Amino acid sequence: MQIGVVELFSIALFFVSFFGLIVSKKAVKSIIFILIMQTAVVMFFLSIGYADGILPPIGERLENPQYAADPLPQALMLTAIIIAISVVAVNITMLMTLFRKYRTTDWDTLKNKSMR
């Protein structure tokens, strides 16, 4: 199996956003980096979902089987997209609650204020 450009881009995007998540001081940036990481994972799995000349389980009479995509990774990634939207919605709700209580989105300030 040969790694393509899209796979390399999605791996690089994942690790760049992982680094951004680690060094981020603001909660809003952390939520954005989590969303970018989830997008990179979906992009990676959709890009490796092509059959590479092997027919997928459905569609036996395809003219160009090299362009066929396996429907299983697509169905799984649709589920992952719905879960990602739910995770971001919960994160934003928690962020709004923390902001209303402590009036900041800085992780260090939130840590210091919550320890009091």
Side-chain angles (χ1 to χ4, degrees):
M1 183 175 148
Q2 190 175 13
I3 296 180
V5 176
V6 178
E7 289 92 353
L8 288 175
F9 178 72
S10 62
I11 291 170
L13 185 65
F14 178 85
F15 283 112
V16 167
S17 61
F18 183 70
F19 176 74
L21 183 64
I22 290 172
V23 299
S24 175
K25 298 286 185 187
K26 300 287 184 183
V28 176
K29 287 182 183 179
S30 298
I31 292 172
I32 292 170
F33 284 127
I34 288 172
L35 184 61
I36 293 171
M37 284 175 68
Q38 292 169 344
T39 304
V41 169
V42 168
M43 184 185 338
F44 178 76
F45 278 107
L46 286 179
S47 66
I48 65 170
Y50 285 100
D52 289 333
I54 301 169
L55 287 175
I58 60 173
E60 298 165 358
R61 294 187 207 156
L62 293 174
E63 294 176 11
N64 295 324
Q66 70 267 18
Y67 298 120
D70 193 5
L72 181 63
Q74 293 178 359
L76 291 174
M77 290 308 106
L78 282 175
T79 306
I81 290 169
I82 299 300
I83 292 171
I85 291 170
S86 303
V87 166
V88 169
V90 169
N91 284 338
I92 291 173
T93 304
M94 290 179 2
L95 175 67
M96 288 172 47
T97 304
L98 285 172
F99 183 75
R100 286 182 184 150
K101 184 173 182 179
Y102 298 113
R103 292 291 178 207
T104 186
T105 60
D106 186 42
W107 286 122
D108 294 332
T109 309
L110 284 171
K111 181 180 174 184
N112 292 336
K113 285 187 177 183
S114 65
M115 297 300 279
R116 293 181 195 173

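Treat the numbers as computed from the prediction; the structure is a model and nothing was measured.
If you take CE on M96 and CG on N91, they are separated by 13.0 Å, rounding to the nearest 0.5 Å. Taking CD1 from I31 and NZ from K26, the interatomic distance works out to 13.0 Å, rounded to the nearest 0.5 Å. Taken from OG in S30 to CG in L35, the straight-line distance is 12.5 Å, to the nearest 0.5 Å. Atoms OG1 and CD1, from T79 and I83 in turn, are 6.5 Å apart once rounded to the nearest 0.5 Å. We find the OG1-CE distance between T39 and M77 to be 12.0 Å, quoted to the nearest 0.5 Å.
A donor-acceptor pair is defined here as one N or O able to donate and one able to accept, closer than 3.5 Å; such a pair exists between the side chain of S10 and the backbone of E7. Distance alone, capped at 3.5 Å, places no donor-acceptor pair between the T109 side chain and the T105 backbone.
Relative orientation of the F14 and F18 rings is parallel, given thresholds of 30° and 60° on the angle between their planes.
Linking ILVMFWY side-chain heavy atoms closer than 4.5 Å, directly or via other members, places I92 and V28 in a single hydrophobic cluster. Using a 4.5 Å cut-off between side-chain heavy atoms of Ile, Leu, Val, Met, Phe, Trp and Tyr, with links allowed through other members, I81 and V41 fall into the same hydrophobic cluster. When hydrophobic clusters are built by joining Ile, Leu, Val, Met, Phe, Trp and Tyr residues whose side-chain heavy atoms come closer than 4.5 Å, directly or via intermediates, V87 is not grouped with L21. The cluster map of Ile, Leu, Val, Met, Phe, Trp and Tyr, joined by side-chain heavy atoms under 4.5 Å apart, puts M37 and V16 in different clusters.
Closest non-hydrogen pair, L46 versus P73, comes out as CD2-O, 4.1 Å.
Counting non-hydrogen atoms of neighbouring residues, nucleotides and ligands closer than 6.0 angstrom, the NZ atom of K113 exceeds 12 such neighbours. Heavy-atom contacts from other residues, nucleotides or ligands closer than 6.0 Å to CZ of F99 number more than 12.
You'll find the side chain of M94 stays beyond 4.5 Å of the side chain of T97, heavy atoms only.
Residue L110 belongs to a hydrophobic cluster whose other members are L98, Y102, W107, with links defined by side-chain heavy atoms closer than 4.5 Å.
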